Number of protein chains: 2
Amino acid sequence: MSIIFSRQCEYALQAVTYLALKPAGEMTSIKELAKKLDIPYHFLGKILQDLVYKGLLMSQKGPTGGFALGLPATEITLFHIVEAIDGVGFNTNCVLGFPECSGKNPCAVHDSWGEYREGIYQMLVKRNIAEMAKAMKKPEYAAMRR
Amino acid sequence: MSIIFSRQCEYALQAVTYLALKPAGEMTSIKELAKKLDIPYHFLGKILQDLVYKGLLMSQKGPTGGFALGLPATEITLFHIVEAIDGVGFNTNCVLGFPECSGKNPCAVHDSWGEYREGIYQMLVKRNIAEMAKAMKKPEYAAMRR
DNA sequence: TTAATTTAAGATAAAATTATCTGATTACTA
DNA sequence: TAGTAATCAGATAATTTTATCTTAAATTAA
Ligand code: SF4
Ligand code: SF4
């Protein structure tokens, strides 16, 4: 069960973090990403295409082709990825599912939820992929750490 | 787009809050709830049945029948409802979608995410339906406030 | 130039979630 | 007792999300 991000978005976060551990300029194939991260091959392909379109990744066809970061790892925040895949709904929608979340006439959880939401938002905006990659200790990533 | 709770769960939270504003002992029909809260009739029926099964609501058939709280409003927390409908995955799962979220070898967001998660959990555990109902100022609920 | 490898793109399928339909059961009321 | 109104329960449908399949296009290397 996904928490606040869609499956697609989770895959995107995992894959981009993986790419950030690669030497600059090196291309990584969908095949490698899909195998190492246990993500469905073609589904991942679509997601990566999307991120290329949004400018967060670059790609190249043919042998030796693949995907790489489209910006320096320090300039890609988690929010960039979440925004590209899931949009910004979590930042504006009512947590109880009411049509809109206006500040006036707040319910009992409005304010505290607002704080957590803002905190999560700040976390996404402040953390970049370079930090994620550096701290990432998952075995899937371990082999490539230099 | 739902944030952290499923659509079902959002509907449940809305409906139970609505019921908490009713005089004790009064039964409310699915029809009324569905109309006032703009929730699909039969879908809501299923959800309410579920909550009855879990003991959070009670029901009665026949004319003058309907649904009412199964416990005092002060004893039904938001967490009770979320747990009944969505389970507790948001409390244990990795926010990035990795198979498990263990404390050892944390990634760059593990700790801060853990804080928000704990905060949200506390919010759900501490807030009960009576508080929600009291503070609820949505027009859908306004007519019944006494 | 040809074969191999990789992304790109569109169609299709499967699964999960959300929503609807139908009939049965229960209980109140006249 | 008959009629009505409500929940209960199971089947079905629609929608969304996730996953797969197929072919084309690009690029490299032999
Ligand atoms: S006040 Fe509460 S119910 Fe109303 S929009 Fe904000 S979070 Fe939702
Ligand atoms: S450390 Fe980070 S990536 Fe690892 S399980 Fe916890 S939240 Fe997920």
Side-chain angles (χ1 to χ4, degrees), chain A residues 1-16 19 22 25-70 82 85-87 89 93 97, chain B residues 1-15 19 22 25-70 82 85-87 89 97:
Chain A
M1 185 190 99
S2 61
I3 308 185
I4 49 179
F5 308 130
S6 70
R7 199 87 154 247
Q8 276 193 58
C9 191
E10 292 177 346
Y11 290 161
L13 290 164
Q14 295 177 22
V16 177
L19 291 177
K22 291 280 185 168
E26 184 173 325
M27 299 305 242
T28 306
S29 69
I30 302 176
K31 193 163 79 178
E32 176 180 339
L33 285 160
K35 179 180 285 182
K36 286 286 178 56
L37 300 175
D38 193 29
I39 299 173
Y41 182 91
H42 292 90
F43 194 38
L44 180 57
K46 302 287 188 197
I47 298 168
L48 297 180
Q49 275 178 45
D50 221 14
L51 294 174
V52 169
Y53 177 77
K54 302 264 170 57
L56 298 175
L57 297 183
M58 53 175 298
S59 67
Q60 196 180 19
K61 289 183 180 177
T64 78
F67 293 86
L69 300 184
V82 171
I85 304 291
D86 278 352
N93 295 0
Chain B
M1 186 190 99
S2 63
I3 307 186
I4 49 180
F5 308 131
S6 70
R7 198 87 154 248
Q8 276 194 59
C9 191
E10 292 177 347
Y11 290 161
L13 290 164
Q14 295 177 21
L19 291 177
K22 291 280 186 169
E26 183 174 326
M27 299 305 241
T28 305
S29 68
I30 302 177
K31 192 162 81 177
E32 176 180 339
L33 286 160
K35 180 180 285 183
K36 286 286 177 58
L37 300 175
D38 194 28
I39 299 174
Y41 181 91
H42 292 90
F43 194 37
L44 180 56
K46 302 287 187 198
I47 297 168
L48 297 180
Q49 275 178 43
D50 219 15
L51 294 174
V52 169
Y53 177 78
K54 301 266 169 57
L56 298 175
L57 296 183
M58 53 174 300
S59 68
Q60 196 179 19
K61 289 183 178 178
T64 78
F67 293 85
L69 300 185
V82 171
I85 304 289
D86 278 353

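Per chain, numbering begins at 1; letters A, B, ... match sequence-line order. If you're wondering where the values come from, they're calculated on a predicted model, not measured in any experiment.
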Rounded to the nearest Å, what distance is computed from the [atom1] atom of residue [X] to the [atom2] atom of nucleotide [N]?
X: A:Ile47; N: D:dT20; atom1: CD1; atom2: C1'; answer: 13 Å
X: A:Lys46; N: C:dT7; atom1: NZ; atom2: C1'; answer: 11 Å
X: B:Glu32; N: D:dA5; atom1: CD; atom2: P; answer: 16 Å
X: A:Met58; N: C:dA8; atom1: CE; atom2: P; answer: 11 Å
X: B:Leu57; N: D:dC8; atom1: CG; atom2: P; answer: 10 Å
X: B:Leu51; N: D:dC8; atom1: CG; atom2: C1'; answer: 15 Å
X: A:His42; N: D:dA24; atom1: NE2; atom2: P; answer: 15 Å
X: A:Lys61; N: C:dT6; atom1: NZ; atom2: P; answer: 14 Å

Note to self: Restricting to non-hydrogen atoms, name the atom on A:Leu48 and the atom on A:Ala15 that form the minimum distance, rounded to 0.1 Å.
What the structure shows: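 Heavy-atom minimum between the residues: CD2-CB, 4.2 Å.
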
Next item on the list: State, to 0.1 Å, how close A:Ala34 and A:Leu44 come at their nearest heavy-atom pair, and which atoms those are.
Entry: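 Where A:Ala34 meets A:Leu44 most closely, the heavy atoms are N-CD2, 3.7 Å.
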
Check: Considering only C:dT18, D:dA19, D:dT28, which nucleotide approaches the side chain of A:Phe43 most closely?
Finding: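 Shortest atom-to-atom distance from the side chain points to D:dA19.
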
Please check the phosphate of [N] (OP1 and OP2 only) for any side-chain N or O of [X] closer than 4.0 Å.
X: A:Gln60; N: D:dT28; result: yes
X: B:Tyr41; N: D:dA6; result: no
X: A:Arg7; N: D:dA19; result: yes
X: A:Gln49; N: C:dA9; result: yes
X: B:Ser59; N: D:dC8; result: yes
X: B:Gln8; N: C:dA19; result: no

When we call it a touch if two heavy atoms are under 4.0 Å apart, what does [X] touch: a base, just sugar-phosphate, or nothing?
X: A:Lys31; answer: sugar-phosphate
X: B:Tyr11; answer: sugar-phosphate
X: A:Phe67; answer: sugar-phosphate
X: A:Gly66; answer: sugar-phosphate

Heavy-atom check, side chain of [X] versus side chain of [Y], under 4.5 Å:
X: A:Leu33; Y: A:Ile39; value: no
X: A:Leu37; Y: A:Tyr11; value: no
X: A:Lys22; Y: A:Met27; value: no

Next item on the list: Note the angle between the end axes of the helix from C:dT1-D:dA30 to C:dA30-D:dT1, five pairs defining each, rounded to 10 degrees.
Entry: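 Axis-to-axis angle, ends of the helix: 10°.
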
Check: With distance as the sole test, does B:Asp86 use its side chain to make a donor-acceptor pair with the main-chain N or O of B:Ser6 at under 3.5 Å?
Finding: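 A pair under 3.5 Å: yes.
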
Margin query: Both B:Leu48 and A:Leu44 contact DNA chain D. Which one's nearest nucleotide lies toward the 5' end?
Written below: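 The residue whose closest nucleotide sits nearer the 5' end is B:Leu48.
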
Next item on the list: Using a cut-off of 6.0 Å, state whether more than 12 heavy atoms not belonging to A:Lys31 lie near its atom NZ.
Entry: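 No, not enclosed.
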
Item checked: For A:Phe67, the option from A:Leu51, A:Ile30, A:Thr28 that meets side-chain contact (heavy atoms from CB on, under 4.5 Å) ->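 It is A:Ile30, the one option of A:Leu51, A:Ile30, A:Thr28 that forms the side-chain contact (heavy atoms from CB on, under 4.5 Å) with A:Phe67.
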
